[in-house]
Asker: 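A single structure is presented below for examination.
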Amino acid sequence: MKQTEKETEGGAAPSRPVPAITPEMAPFWKAARRHELVAQRCLECGTFRFPAREVCSRCLSRRAEWERVSGRGRVFSVVVMHQANHPWFAARTPYAVVVVELEEGARMLSSVVGPEPHAIRIGMPVEVTFDDLTPEVSLPLFRPAAR
């Protein structure tokens, strides 16, 4: 991850780390910029996978395409971080890191915005939202679903 800097009165303050866009993940980030969530789908067995990888873990096919997904899912796993691993997170501890299992089956590492970190529960219904970090990068995050 690279880091952008924002100027403050006291000098440069660390800003949120920005993911590096690799060639394999470029279609994902291009869709996220349009506020669309996509995942790879195997053209042989139909399994959704994320992040991008060359081979399907279910049938071993190398044939896949990016497909738009619903953006709805459930919290599969959650951990509350009490130590910051980057200066931007230092003022935000504790914060939650989650794995969201999308309705389509793919799992994504992300954050849930809105509730306090300790209020996030496994099985909580969530839906995607986007944080525009830079003109090139929009970060998919999740919020509690309005169901």
Side-chain angles (χ1 to χ4, degrees), residues 1-6 8 13-59 61 63-147:
M1 290 200 170
K2 63 182 178 178
Q3 179 179 327
T4 59
E5 296 289 330
K6 293 182 182 174
T8 63
S15 61
R16 186 177 196 130
V18 177
I21 300 175
T22 63
E24 299 82 15
M25 291 296 292
F28 171 79
W29 293 110
K30 186 175 180 180
R33 189 66 203 127
R34 296 187 309 267
H35 290 196
E36 295 176 3
L37 191 64
V38 298
Q40 274 189 333
R41 185 172 191 166
C42 176
L43 291 173
E44 298 296 326
C45 71
T47 300
F48 281 93
R49 61 185 188 237
F50 187 86
R53 38 189 188 273
E54 192 172 333
V55 177
C56 176
S57 58
R58 183 168 181 210
C59 74
S61 172
R63 296 182 56 229
E65 65 185 6
W66 289 93
E67 189 172 310
R68 190 171 182 176
V69 293
S70 67
R72 294 183 303 272
R74 293 189 177 273
V75 173
F76 178 80
S77 176
V78 60
V79 63
V80 176
M81 305 296 288
H82 292 273
Q83 293 182 328
N85 61 0
H86 183 280
W88 184 84
F89 291 100
R92 292 160 178 84
T93 57
Y95 61 92
V97 176
V98 301
V99 175
V100 171
E101 185 171 57
L102 298 171
E103 288 179 347
E104 294 82 3
R107 293 181 183 159
M108 297 184 148
L109 187 66
S110 189
S111 299
V112 175
V113 295
E116 292 295 319
H118 292 285
I120 299 168
R121 298 285 181 244
I122 292 172
M124 174 186 282
V126 293
E127 59 191 9
V128 75
T129 187
F130 293 87
D131 185 5
D132 298 329
L133 299 182
T134 72
E136 298 81 28
V137 178
S138 293
L139 187 64
L141 302 170
F142 290 85
R143 62 181 174 220
R147 294 183 182 181

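None of the values given here were measured: they were computed from a predicted structure.
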Asker: How close do Leu37 and Phe130 get, counting heavy atoms only, and between which atoms?
Answerer: N-CZ, 4.0 Å
Asker: State, with a plain yes or no, whether a side-chain heavy atom of Val18 is found less than 4.5 Å away from one of Thr134.
Answerer: yes
Asker: Has Arg33 got its NZ or CZ under 6.0 Å from the middle of the six-membered ring of Trp29, at an angle within 45 degrees of the ring axis?
Answerer: no
Asker: May I ask you to decide if Pro51's main-chain N or O and Arg53's side chain share a donor-acceptor pair within less than 3.5 Å?
Answerer: yes
Asker: With a 4.5 Å cut-off on side-chain heavy atoms, are Arg74 and Ile122 touching?
Answerer: no
Asker: Roughly how far, to the nearest 0.5 Å, is the NE2 atom of His82 from the OH atom of Tyr95?
Answerer: 10.5 Å
Asker: Please find the pair of heavy atoms, one from Met25 and one from Trp66, that lie closest to each other, and give the distance.
Answerer: SD-CH2, 4.0 Å
Asker: Find out whether Met81 and Thr93 are in side-chain contact, i.e. whether some heavy atom of one side chain is under 4.5 Å from a heavy atom of the other.
Answerer: no
Asker: If you take all heavy atoms of Pro115 and Ile120, which pair is closest and at what distance?
Answerer: CG-CG1, 3.9 Å
Asker: Between CD of Gln40 and CD of Glu54, what distance do you get to the nearest 0.5 Å?
Answerer: 10.0 Å
Asker: Keeping Arg121 on the side-chain end and His118 on the backbone end, is there a donor-acceptor pair under 3.5 Å?
Answerer: yes
Asker: Report the C-alpha distance between Glu127 and Arg143 in whole Å, list the side-chain angles of each, state the deciding distance to 0.1 Å, and finish with yes or no for salt bridge (charged side-chain N to carboxylate O under 4.0 Å, His left out).
Answerer: CA-CA 6 Å; Glu127 59 191 9; Arg143 62 181 174 220; 3.1 Å; yes
Asker: For residues Cys56 and Arg49, determine if any side-chain heavy atom of one lies less than 4.5 Å from a side-chain heavy atom of the other.
Answerer: yes
Asker: Identify the heavy atoms of Cys42 and Cys45 that sit nearest to each other, and give their distance.
Answerer: SG-N, 3.4 Å
Asker: Taking the basic N atoms (NZ, or NE/NH1/NH2) and the acidic carboxylate oxygens, is any pair closer than 4.0 Å for Arg72 and Glu103?
Answerer: yes
Asker: Nearest heavy-atom pair of Gly71 and Phe142: which atoms, and what distance?
Answerer: O-CE2, 3.7 Å
Asker: Under a 3.5 Å threshold, yes or no: a donor from one side chain and an acceptor from the other, between Glu104 and Ser70?
Answerer: yes
Asker: Of all heavy-atom pairs between Trp88 and Ser15, which one has the smallest distance, and what is that distance?
Answerer: CD1-C, 3.0 Å
Asker: Are the side chain of Arg107 and the backbone N or O of Val99 linked by a donor-acceptor pair below 3.5 Å?
Answerer: no
Asker: Passes side chain to side chain contact (heavy atoms under 4.5 Å, CB included), Asp132 versus His35? Steps please.
Answerer: CA-CA 9 Å; Asp132 298 329; His35 290 196; 2.7 Å; yes
Asker: With heavy-atom distances below 4.5 Å as the criterion, would you say the side chains of Val112 and Val75 are in contact?
Answerer: yes
Asker: Is Arg68 salt-bridged to Glu36, going by a charged N under 4.0 Å from an acidic O?
Answerer: yes
Asker: Are side-chain heavy atoms of Val69 and Phe48 found at a separation under 4.5 Å?
Answerer: yes
Asker: Could you state the interatomic distance from OG (Ser111) to CG (Leu141), rounded to the nearest 0.5 Å?
Answerer: 6.0 Å
Asker: Are the side chains of Val137 and Pro19 in contact, using a 4.5 Å heavy-atom criterion?
Answerer: yes
Asker: Can you tell me if Arg58 has over 12 outside heavy atoms packed within less than 6.0 Å of its CZ?
Answerer: no
Asker: Is Val38 close to Lys30 at the side-chain level, that is, under 4.5 Å between some pair of heavy atoms?
Answerer: no
Asker: Does Val97 form a side chain to side chain contact (heavy atoms under 4.5 Å, CB included) with Leu109? I'd like the steps, not just the answer.
Answerer: CA-CA 7 Å; Val97 176; Leu109 187 66; 3.6 Å; yes
